[in-house]
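Data first, discussion second: the structure below is written as structure tokens.
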Amino acid sequence: RELYEGDISIDRFPLSLSLPHDSLGNLSASIRFAGKHYNPTDSAMCASAELTVDTADYSGYRYTGIAIEANLNRGRVIGEITSTDPNLLTGLALSANLSEKKYTATLTGDIHVDLEALHFTTETCKISTGFEVAGEVSPSDEFFKANAQFQNLSALLPSSKLQGNPLTIS
């Protein structure tokens, strides 16, 4: 029988030992997974996974409160990505369909990020947006299509504040 489950916990693992040139520090996280069958396009496959990042150090900043959840049931994926870190507030929802001939996916939600606080910039740079990204892939036909829509885009920069109109990219 193709059944599996597991729990993995990591407590203050020094990522810099494996990737010394990438500004990585310690990682404390846990993952829980379970399922049956291995082929994600198999109509009998069911699986679930939960990743919780308690802390992750990158470039001198300690990220906290990041979680990813995903469930796959008979080719249908439902998931979410959340962050309660005050400088990376995120709430994203994922939905996808997987079949032998075609994969489709949609990611929607909001993100509010302070790039200065996260040490990506040395000056004020806060960005907020709601968005939807959708895509479709048909490997046998070598076909790919993607579309992105951004709403309520705003940015606080050192010398200005920007407010954007809805933007669509295809």
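For reference, positions follow the sequence shown, starting with 1. As the structure is a prediction and not an experimental result, all values here were calculated from the model.
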Self-check item: Audit row: Asp114, Thr124, side-chain contact (heavy atoms from CB on, under 4.5 Å) steps and yes/no
Solution: CA-CA 8 Å; Asp114 184 337; Thr124 300; over 6 Å; no
Quiz item: Counting only heavy atoms not in Arg12, do more than 12 sit closer than 6.0 Å to its CZ atom?
Solution: no
Quiz item: Are there more than 12 heavy atoms of other residues, nucleotides or ligands under 6.0 Å from atom CG of Asn39?
Solution: yes
Exercise. Evaluate side-chain contact (heavy atoms from CB on, under 4.5 Å) for Cys46 paired with Arg74, printing each intermediate quantity in order.
Key: CA-CA 6 Å; Cys46 298; Arg74 294 174 166 66; 3.6 Å; yes
Quiz item: Would a distance-only check, ignoring hydrogens and angles, find a side-chain to backbone donor-acceptor pair under 3.5 Å from Asn71 to Ser48?
Solution: no
Practice problem: Mind telling me whether Phe150 and Phe131 have parallel, tilted or perpendicular rings, with 30° and 60° as the class edges? | Solution: tilted
Quiz item: What is the distance from atom CG of Leu157 to atom OG1 of Thr121, rounded to the nearest 0.5 Å?
Solution: 9.0 Å
Practice problem: Look at the side-chain heavy atoms of Ile, Leu, Val, Met, Phe, Trp and Tyr, link any pair under 4.5 Å apart, and say whether Ile8 and Leu3 land in one connected group. | Solution: no
Quiz prompt | OG1-CD distance between Thr168 and Gln151, expressed to the nearest 0.5 angstrom | solution = 8.0 Å
Exercise. Could you tell me which non-hydrogen atom of Thr64 sits nearest to which non-hydrogen atom of Asp85, and how far apart they are?
Key: N-OD2, 3.0 Å
Quiz item: Within the distance-only criterion (no hydrogens, no angle test), does the side chain of Ser138 pair as donor or acceptor with the backbone N or O of Lys101 below 3.5 angstrom?
Solution: yes
Exercise. Kindly indicate, with the supporting measurements, whether the criterion side-chain contact (heavy atoms from CB on, under 4.5 Å) is fulfilled by Ser9 and Asp11.
Key: CA-CA 7 Å; Ser9 292; Asp11 187 26; over 6 Å; no
Self-check item: Atom of Thr106, atom of Ala134 and distance for their closest heavy-atom approach
Solution: OG1-CB, 3.9 Å
Practice problem: Indicate if Phe13 and Leu17 have the same hydrophobic cluster label, given that clusters are the connected sets of ILVMFWY residues with side-chain heavy-atom separations under 4.5 angstrom. | Solution: no
Quiz item: Which heavy atom of His37 sits nearest a heavy atom of Tyr4, and at what distance?
Solution: O-OH, 3.0 Å
Quiz item: Can you check side-chain contact (heavy atoms from CB on, under 4.5 Å) on Leu118 and Tyr63, steps first, answer last?
Solution: CA-CA 8 Å; Leu118 298 176; Tyr63 292 80; 3.6 Å; yes
Exercise. Kindly work out whether a path of hydrophobic side-chain contacts (I/L/V/M/F/W/Y, heavy atoms less than 4.5 Å apart) joins Leu162 to Leu167.
Key: no
Self-check item: For Pro14 against Asn26, the heavy-atom pair lying closest together
Solution: CA-OD1, 3.3 Å
Quiz prompt | His119 side, atom NE2; Asn87 side, atom CG - distance, nearest 0.5 Å | solution = 8.5 Å
Quiz item: How far does CD1 of Ile31 sit from CG of Leu51, to the nearest 0.5 angstrom?
Solution: 5.5 Å
Quiz item: Rounded to the nearest 0.5 Å, what separation is found between the OG1 atom of Thr104 and the CD atom of Glu136?
Solution: 7.0 Å
Quiz item: Do other residues, nucleotides or ligands put more than 12 heavy atoms under 6.0 Å from the CD atom of Gln163?
Solution: yes
Quiz prompt | Glu2 atom CD: more than 12 heavy-atom contacts under 6.0 Å | solution = yes
Self-check item: Glu50 versus Glu69, closest heavy-atom pair with distance
Solution: CG-CG, 3.6 Å
Quiz item: With hydrophobic residues grouped by side-chain heavy-atom distances under 4.5 Å, do Tyr58 and Leu89 end up in a single group?
Solution: no
Quiz prompt | Where Pro139 and Tyr103 come nearest, the two heavy atoms and their spacing | solution = CG-CE1, 3.6 Å
Quiz item: Is the gap between the ring centers of Phe120 and Tyr61 under 6.0 Å?
Solution: no
Quiz item: Does Leu92 share a hydrophobic cluster with Leu153, counting links as ILVMFWY side-chain heavy atoms below 4.5 Å and allowing steps through other members?
Solution: yes
Quiz item: With distance as the sole test, does Ser95 use its side chain to make a donor-acceptor pair with the main-chain N or O of Val77 at under 3.5 Å?
Solution: no
Quiz prompt | Nearest-0.5 Å distance that lies between atom CG in Asp7 and atom CZ in Arg32 | solution = 4.5 Å
